Every structure is written in C-alpha cells, then in structure tokens.
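Everything on this sheet refers to the single structure shown next.
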Amino acid sequence: MAELNSEDKEDLRQTHSLLRPFPVNFDYHNLDADKLLSAFGKYGRYQMLTHVVTNSVQMLFAINMMVMPFLTEAPEFNCVITTPENTTWVYTKNDECHIRDGNNWTLSCPMIPNAYYNYTDKEATLTADFDLVCENSEAAEHGASIFLLGGLLMEPIITQLSDLFGRRMTFLIPLYIAVVSNIICAISPTYTVFLAFRFISGAASMSFNAISSVLCMETVALEFRSLTPLVGNFFWVAGYMLAGVFRIFISRWRVLYFAISILGALTVPLFWLVPESPHWLITQKRNKQIRRYILKSSKFNRTDVSLDMCKTDDVSVEESLLDEPTRKRKRRTALDIFTNGVLLVHLLVNSYILIILNGTYWALSLFSTELSEDKWTGFFLSGLVEIPAALLSVYLLVKLNRRTVSIVSLALQSVCMLMALYAPVPEHVKIVFPLLAKLFNAMAWNSQQLLYSESTPTSIRNVFCGILEFVGDIGGVLAPYVKRLESVNPNAPTLMIAIMSMIGASVVFVLPETKNKKLPDDIDSLDPGPLLKALGCTNKTEKSSDSVLTEKPAPSTDSTGTTA
C-alpha cells in the first residue's frame, strides 16, 4: 500500500472526523455532485458564500458598460477659425461642424487651416478629449461595441479552457486582466490605445462573466437553482446604478473611469474565497481536490454528510471496481457539439434567443439617457426596473417551468415594443413601455440562462455556453448601431426587435424543461426536448464508450494510496 504524505494524512483524518462513517477506500469520483451539494442544505453557508462572492463580479461588468453613455455624451463646442493678420476671409457658419465660404463651398472644420474645435470643457467627456465630433462622431459608438466584440471573440476559447482546466483559474485570471486593462484605459493617451485596452477589457470581462454564471450554478444545491438570478441581478443593478452615481459626483471622464476601475482591487480576496466547481472535480476524477472541498464545506457549514448517500445512481458495480488507468476518460470539445444533432439544434435555438435578448437589452440600456428630457430619470429608471424583474422572475421560476417564463417574457417584450410605437397615449407616458420591455427582457434572461445551462451536460457545458454566448453577443455588438436603422424608417429599430422577440418566444418550445432535474453529466444523458423526441431523436447510451472492460478488474487504489 502506497505511503501517504503528512498533508494527505491530515486531510484524511479531518475529513473522517467530520463526515459520517464510510469506507476508508471511498471512491470520491463515484459521488453525485447534485446529491453532495443538496446534502449540505439548500442554503449551505459555504455554498451561499461561494455564490455571493462569485456573483459580485457582475457589478464590475455592469459599471464598465454603463459608464459609456456618460463618457460619450455630445459635448458643447464650436469651430474656431483663426486667420492671419491683414487677411480677410468671408464665410458663413452652417453649424458647429461646417462653414460655407465665399465660393459657396461647404467645408468641415478640420479641413480649414488653423481651425480647431473649442469645447466648453474638453476634459469632461471622452468625445471632447479625442475630438470624436462631427465627421468622427460615429467613432464614439466603438467604445461600447468593441468591449462586447472582445468578449464575443474570447468566450468560446475561455469556456473550452474552463472545461479542460477547471472553472476557478479561468474565472480569476480574466478577472484580474480586466482590472488592469480598465486602469490603462483611464490613462490612454490616444483613442486608439483606449479602444485597444477596451477590447482586452471586454474580452476578459465577458470571460469571467461567462465562467461565473456556470460556476454559480455548479456550486449550489439543485433546490436553490431557481433562486440564483436574485443575487446576480442585485450586483448587476448595483453596478448599473453606481455608474450614474459616480458620474453625478465626478465630471472628468478620466477620473470617472479610473474610479470605477479601481473598484476591481476589491476582487483580490476572491483568490482565496472561490473554490473549484465540485461538478467539474467529480467529472475529472480529482479525488484529492474533491476531498478537500468536502472538508472545507463541512467545516464551514458545521454539518456532516453521508457520502454513501451521495453516490451516483449511474455507476455499475463493475465500473466502480475499475482502477483509474482502466477507466476511459472523455474529453469533450466543440466538435462534439457539431457532430451531435440534438446539441446542434439546442445551440441554434438558444443562439437566436440570446441575439434577441442581448440586442434588446443593450439597445434599451445604452440609449436609456434619451428616454426622457432628463437623462438621469431615464437612466436610473432603466436600471431600477431590473430589481422587480429579478424578484418577479425568481417567484415565477419557483412556481412555473423555465420554458413558460421564457416564452411569456419574450412575448410580452414584443408587445411592449409595439406599444411604444402605436399605443394611443401622450408621448411623455410612452416611456413606460420601453421600461416594461426592459423588465420582461431581464426576466427572459434569468429563465433562459437557467434553461440552457441546466440542459447542457457538465462535460461540455462551458464549451457549449461559450459558443452560444459568442453568437449571442452579436446582438450586443450591433446594439450601439441599431439607431442607424432610423435613416430607413424612424420605427424600424423598435419594430424589428418586436418581430424577432415574438419569433424567439415561439422557438423556446423546442427546448427541454429542466426544472428540478439533475444536471446531465455527459451527452448520453442529454434530454432532446419535446419536439426532437417527437421526431425520434434520442441520445442512446453506449456503455462500451464509457468504460472498457478488457480483463477481470484488479483491486483499485484510490488517490489516498489506500488499496480497496
């Protein structure tokens, strides 16, 4: 029997002293992660701590996005034209950007020698500091778009790495990269440098945000999952609101951006507070780390659990006797998604829905300062409406099925967008309809995120979610430019969102219901959904692909070195 080192002996001693009696040679990777987490309770202290600190980073993501409407506000300026002494030039100003000279030629300010833009307060906004006005005004939209573009390109990579190397470090490393990138953005000497680090910040922020959503779900009990949107929404709205509060007290854009970026220093303790996902540890057969997770959770929760009661129901006696080298371990990649018809259909349906949800959310959020004559009213109401949305969605997710909440929310989002165009009410009352659309959008987000996360197997969950969110982010990237459709028709942006939202509500029927169901471990346990089942599409379990019995199993040796 292999000799244990002192650290392993101490871990084993403490674990056995805390947990109810079970065999010394207990096979940790035969645990069912959902049963284990449920054994610690619906509101297990350690699980709740993990859930809160992991969700807290959403505040950083929200504040970095929602500060952009204030950084890119249109500044007050005029074109100042200086002419040499003893020189006369006859011209007429058309507006702040253009003049008409004596030959009836229209010239823009930068085309005129010795002319420049004069700002009331050049350092107040990013647009003034980098001359993003007149012909360059459209470049101001890139700051919000490139942030989401960075995430769009990075998410499929980071989620694949997360499935291969674990959730914890692929969550923490992007988090700290985002903090550093945001600080550099605040001191950028040029707009090009600002956009470059804004892109890096977006790639990192979307990465840690994507991993955090999976990590949050994989570290709480099945009974608690319907409540997961509540904490996340709280931190998101807090970040949303803080962007406006900081802007009220800080008038210089660089100081404002630095202030919101330095909040990232508060994330340093997360290195010690965020554990690895028990679902991932069990799937990857990390016995030593599973044991330490159980030990820490038991000590923090001040409770004991029966590990024999937490065993998976899917492991046969023969399979449980196999030693580690004999087991065939599956490594899932993106190729498995595109070669499995059920997963591919789920990917396409969810991608369409996320494009709609992303595009609608960011369009309503980034242009919230234009909802009323007072920019603060529209901005803060647009953020505050997400609080009742979170409370209502949690209540409905407890009472109703996931699919029902998604379908109804998307349909009502469509109705509200149409009412914003055609409701026979005064203009100042119509602000209610975009706010209601935002409320239903947030509700649909909460239910849909649970629906696609819970229906995807653990072995490929992060890869699937990464590709899905990659495609879904297209809606967010395009959102800052959606107002350009008004050049075709003033109602075109709103009408397009309404129609696409109603189609989104219809296609949700394709997806399987996941409420109170165990998370599937691998593709063979995937639920195809009602439509695909009716068409005869199923995932047949191929036992031979999961385990290889080449000879009579030999006695196994677990990670502690104890022979069975």
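Worth saying up front: this structure is predicted, and the values here are computed from it rather than measured.
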I would like to know whether Tyr361 and Glu386 meet side chain to side chain donor-acceptor pair (under 3.5 Å); could you show each step before the answer?
CA-CA 11 Å; Tyr361 181 86; Glu386 295 188 44; 2.6 Å; yes
Using the side-chain contact (heavy atoms from CB on, under 4.5 Å) rule, take Leu215 and Arg168 through it: C-alpha gap first, then chi angles, then the decisive distance, then the call.
CA-CA 8 Å; Leu215 192 56; Arg168 182 175 176 272; 5.7 Å; no
A side-chain contact here means heavy atoms from C-beta on lying under 4.5 Å apart; do [X] and [Y] qualify?
X	Y	answer
Leu397	Ser447	yes
His346	Ile337	no
Ile497	Leu364	no
Gln413	Leu357	yes
Ile467	Leu347	yes
Asn233	Asn446	yes
Trp362	Met66	yes
Tyr352	Ile503	yes

Do [X] and [Y] make the cut of ring centroids closer than 6.0 angstrom?
X	Y	answer
His51	Phe224	yes
Phe379	Phe70	yes
Phe147	Phe61	yes

[X] and [Y]: which non-hydrogen atoms are nearest, and at how many Å?
X	Y	value
Ala411	Ala505	N-CB, 3.9 Å
Phe464	Leu343	CE1-O, 3.6 Å
Ser277	Glu218	OG-OE1, 2.6 Å
Ser501	Ile356	OG-CG2, 3.5 Å
Ala204	Ile177	CB-CG2, 4.0 Å
Ser406	Ala444	OG-O, 4.3 Å

When rounded to the nearest 0.5 angstrom, what is the spacing between [atom1] in [X] and [atom2] in [Y]?
X	Y	atom1	atom2	value
Ser188	Tyr257	OG	OH	8.5 Å
Asn182	Phe258	CG	CZ	11.5 Å
Leu270	Ser212	CG	OG	10.5 Å
Leu412	Phe440	CG	CZ	4.5 Å
Ile248	Ile250	CD1	CD1	11.0 Å
Ser455	Leu511	OG	CG	6.5 Å

Just by distance, no angles: are the side chains of Thr127 and Thr125 close enough, under 3.5 Å, to form a donor-acceptor pair?
yes
Pairing donors with acceptors under 3.5 angstrom, does anything connect the side chains of Asp129 and Tyr119?
no
Let's go through Ile260 and Leu242 carefully: what are the C-alpha distance in whole Å and the side-chain angles of both, what is the deciding distance for side-chain contact (heavy atoms from CB on, under 4.5 Å) to 0.1 Å, and is it a yes or a no?
CA-CA 8 Å; Ile260 65 170; Leu242 275 176; over 6 Å; no
Does any N or O in the side chain of [X] come within less than 3.5 Å of the main-chain N or O of [Y], such that one atom is a donor and the other an acceptor?
X	Y	answer
Ser414	Ala498	yes
Thr267	Gly264	yes
Tyr240	Met59	no
Ser205	Gly202	no

Mark yes or no: Arg402 above the aromatic ring of Tyr452, with NZ or CZ under 6.0 Å from the six-membered ring centre and no more than 45 degrees from the axis.
no
How are the rings of Phe194 and Phe130 set relative to one another: parallel (under 30°), tilted (30 to 60°) or perpendicular (over 60°)?
tilted
Evaluate the side-chain contact (heavy atoms from CB on, under 4.5 Å) criterion for residues Val220 and Met48: first the C-alpha distance (whole Å), next the side-chain angles of each, then the deciding distance (0.1 Å), finally the verdict.
CA-CA 7 Å; Val220 296; Met48 292 299 98; 4.1 Å; yes
Using a strict threshold of under 4.0 Å (side-chain N to carboxylate O), is an ion pair present between Arg167 and Glu276?
no
Per the salt bridge (Lys or Arg N to Asp or Glu O under 4.0 Å) rule, what does the pair list look like for residues 55-78, sequence neighbours excluded?
Glu73-Arg247, Glu73-Lys375
Should the heavy atoms of other residues, nucleotides or ligands under 6.0 Å from CZ of Phe77 be counted, would the total exceed 12?
yes
What's the verdict on side-chain contact (heavy atoms from CB on, under 4.5 Å) for Thr219 and Thr54, showing C-alpha distance, side-chain angles and the deciding distance?
CA-CA 10 Å; Thr219 51; Thr54 307; 5.6 Å; no
